[in-house]
Amino acid sequence: MDYEIRPLTHQDEPILWEMVYYGLSSAGKNKLPSRDVVRRPEISRYVEGWGRVDDTGFVAHDKKNRALLGAAWLRRPTDKSELALAVKPEHRSHGIGTALLTQLVRANPDHSTISVSFVAGKPVFRLYERFGFKVIEHRPDAVVMRRPA
């Protein structure tokens, strides 16, 4: 698949709502959760009000038909940046997540600490390890990883 990656803008909040929804789906599960789940505070904080000063990220589109494939973005609500990464299920395992994360890390060398949380058992764990993320906490429902500067 031929795709292109571009920076996210403040107008891309609708794209991020869609991507955060797909980020909640797990490999091997055919049924996606209700779309209302993205409005929960622990999830909506990754998207709501996108375009603040420290918000940065990238989106991948199919070059041929402009279809949305995935996105990776950072928000800085505290002293650490929080990473969100999602690729639509039908486009996973094709290097899109790796390309997005590579672009994001290269474009943001000044982010001293990046933190990510995700459901335990997701295949994305190995991707984060390749980028230097280390597990800092195991929760019953999640793994928390951090990438120091």
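Note that CG of Leu127 is 10.0 Å distant from CD of Glu129, once rounded to the nearest 0.5 Å. From His91, atom NE2 reaches atom CG of Asp62 across 7.0 Å, with rounding to the nearest 0.5 Å. The line from CG of Leu8 to CE of Met19 is 10.5 Å long, rounded to the nearest 0.5 Å. Here the OH-CG distance, from Tyr3 to Asn65, works out to 15.0 Å after rounding to the nearest 0.5 Å. A distance of 8.5 Å separates CZ in Arg130 from OG1 in Thr102, rounded to the nearest 0.5 Å. To the nearest 0.5 angstrom, Leu68 atom CG is 6.0 Å from His61 atom NE2.
Ionic pairing of Arg6 and Asp12 is present here: one or more N-O contacts between side-chain nitrogen and carboxylate oxygen are shorter than 4.0 angstrom.
When every heavy atom of Gly49 is checked against every heavy atom of Asp55, the shortest pair comes out as O-OD2, 4.0 Å. Considering all non-hydrogen atoms of both residues, Tyr128 and Leu85 come closest at OH-CB, 3.5 Å. The shortest non-hydrogen separation linking Ala84 to Tyr46 is CB-CD2, 4.0 Å. Between Ala71 and Leu16, the shortest heavy-atom contact is CB-CD2, 4.1 Å. The nearest pair of heavy atoms linking Gly70 to Leu100 is C-CD1, 3.5 Å. Of all heavy-atom pairs between Ile5 and Ala60, the closest is CG1-CB, 4.1 Å.
In this structure, the side chains of Trp17 and Glu48 come closer than 4.5 Å at one or more pairs of heavy atoms. Lys88 places none of its side-chain heavy atoms less than 4.5 Å from the side chain of Leu69.
In this structure, Arg35 forms a cation-pi arrangement with Tyr22, its terminal cationic atom sitting closer than 6.0 Å to the ring centre and no more than 45° off the ring axis.
Checked options Phe131, Trp73, Phe133; the residue passing with Leu83 is Phe133 (criterion: side-chain contact (heavy atoms from CB on, under 4.5 Å)).
Remark: Arg66 pairs with Glu4 by the side-chain hydrogen bond (donor to acceptor under 3.5 Å, both in side chains) rule, at least two apart or across chains. In this structure Arg39 satisfies the salt bridge (charged side-chain N to carboxylate O under 4.0 Å, His left out) test with no other residue, sequence neighbours excluded.
With hydrogens and angles disregarded, no donor-acceptor distance shorter than 3.5 Å links the side chain of Glu137 to the backbone of Val144.
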